[in-house]
Amino acid sequence: MNSLRHLESLQKLPLPTVRALLDRAVDFRRVPRQPLLEGKKLGLVFFNPSLRTRVSFQAAMADLGGQAFALDVGGGLWKIEVEDGKVMDGDAAEHVKEAVKVLSRYVDALGVRAFAEGKDWATDRADPVLAAFLRHSDVPVVNMESGLYHPCQALADMRTIEDKLGAVKGKKVALVWAWHPKPLPLAVPQSFALAASRLGAELTIVAPEGYGLDPAVQTAVENNARASGGSERIVSDRAEGLAGAEVAYVKSWGSLDLYGRPAEEAKHRAGLRHWIFDEAAHRMTAGAIVMHCLPVRRNVVISDPVLDGPRSVVYDQAENRLHVQKAILEWMLAGERQGRP
Ligand code: CP
């Protein structure tokens, strides 16, 4: 089953494939309805809630002539156990092995969303649910956000920067942390940093002390920047980090230093509430476009005037999920037939 076109992380795809997907998304924006996946079926398995991912994948399959089924674990689906060898005398009625093997008989591809549990990073960084899907599936699997990565979001983000600024290469891009009442997952900032560095951005990660990325991801970001001719730095002074930025990618994420210790993390984060991306923060940039993956807490993460302002591109960014995912689905399901990369 090694020949299946899984999408776990953009980092695992060859750069020319990433480039081809970004270019192909523009075709799909120009001609949204193309019957390339007629008769194909996509099963979307959600362990966590979603608006954009759920609807954009369903809309993408409809536009390409196929069908998508959204399945909610613990809602419409049985609770699923992912641990191998587990004595299943708890809540879960079905093991992931049976669930995925059976779904593989019904659909042509699977999507899976399973966030980190937030208890132990060593466990979460292995992405146990996604890994189980990849292990047991007989059809291609697309990661719809795991503990480590959100590749569909990162591809839409790169598409958006190229749409607005012409290229990612050489652009001054700030990935800027923002305060949030909860310690949020790292998948979005990690995938964004990996993709931007791989495409040659001058990337600055602007975050308070203790809010670094996973060390292996951070090393990959640094290696990407070296290979792409871009640059990468980490700055904890917000004004310094935002100076000259052409892109401000605003995102909150939890501290790995205090992972699984929510009370301590909350105490630490309490002093960082001024890290809202407001007009004062935007003035620190060079008139940057403002990006956020959404959902966003208004006037907590980004202020109304910035989110509704002329430099906000969040709706175009969300729309690009639809276009890039069509490119991904074509690559997964029709790539060989279409002779595409
Ligand atoms: N950005 C994103 O993935 O949105 P949803 O969580 O609503 O799918």
Side-chain angles (χ1 to χ4, degrees), residues 7-11 21-22 25 42-63 68-77 109-118 124 127 129-130 133 141-161 163-164 175-178 180-196 247-254 277 289-298 300-302 307 312-329:
L7 177 53
E8 181 184 352
S9 158
L10 286 185
Q11 187 75 12
L21 292 173
L22 285 167
L42 174 67
L44 303 168
V45 183
F46 288 95
F47 286 77
N48 310 99
S50 162
L51 185 153
R52 280 141 291 272
T53 305
R54 175 185 295 254
V55 181
S56 58
F57 264 114
Q58 288 174 320
M61 280 304 274
D63 279 349
F69 313 101
L71 307 158
D72 295 300
V73 177
L77 289 193
L110 285 167
V112 59
R113 163 166 288 199
F115 296 168
E117 283 206 335
D124 283 348
D127 269 338
V129 178
L130 175 64
F133 271 70
V141 174
V142 56
N143 177 4
M144 301 194 298
E145 188 174 345
S146 67
L148 276 180
Y149 305 120
H150 195 351
C152 302
Q153 184 64 54
L155 201 62
D157 297 339
M158 296 306 109
R159 182 63 272 152
T160 306
I161 296 174
D163 291 343
K164 302 298 175 188
L175 168 60
V176 55
W177 187 89
H180 189 283
K182 294 179 187 168
L184 294 186
L186 283 95
V188 167
Q190 295 197 149
S191 284
F192 180 82
L194 286 166
V247 174
Y249 195 99
V250 186
K251 187 72 187 83
S252 192
W253 64 89
F277 197 85
I289 58 167
V290 178
M291 303 180 69
H292 191 284
C293 63
L294 306 181
V296 63
R297 290 194 183 219
R298 282 179 173 264
V300 171
V301 172
I302 303 180
L307 200 55
S312 168
V313 300
V314 296
Y315 302 123
D316 293 335
Q317 189 183 350
E319 181 191 316
N320 275 335
R321 290 289 303 275
L322 181 62
H323 308 312
V324 301
Q325 284 161 203
K326 285 180 188 171
I328 291 166
L329 289 166

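Along the sequence shown, residues carry numbers from 1. As the structure is a prediction and not an experimental result, all values here were calculated from the model. Both counts, for ligands and for their atoms, begin at 1 and track the order of listing.
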Is there a donor-acceptor contact under 3.5 Å linking the side chains of Asn143 and Ser146? yes
Could you please provide the protein residues found below 4.0 Å of ligand 1 on a heavy-atom basis, arranged by chain and number? Ser50, Leu51, Arg52, Thr53, Arg113, His150, Gln153, Cys293, Leu294, Arg321
Thr160 versus Asn320, side-chain donor and acceptor atoms under 3.5 Å: yes
Test applied, side-chain contact (heavy atoms from CB on, under 4.5 Å); reference residue, Tyr249; option that passes from Ile161, Val176, Ile289, Asp157: Asp157
Would the distance check show the side chain of Asp127 and the main-chain N or O of Gly147 forming a donor-acceptor pair, the cut-off being under 3.5 Å? yes
Which pairs would a plain distance check flag for residues 180-188, meaning a side-chain donor or acceptor within less than 3.5 Å of a matching protein atom at least two apart in sequence or in another chain?
unit_1 : atom_1 : unit_2 : atom_2 : d
His180 : ND1    : Lys182 : N      : 3.0
His180 : ND1    : Lys182 : O      : 3.4
His180 : NE2    : Arg297 : NE     : 3.2

When rounded to the nearest 0.5 Å, the distance separating NE2 of His150 from CD of Glu145 is 4.5 Å
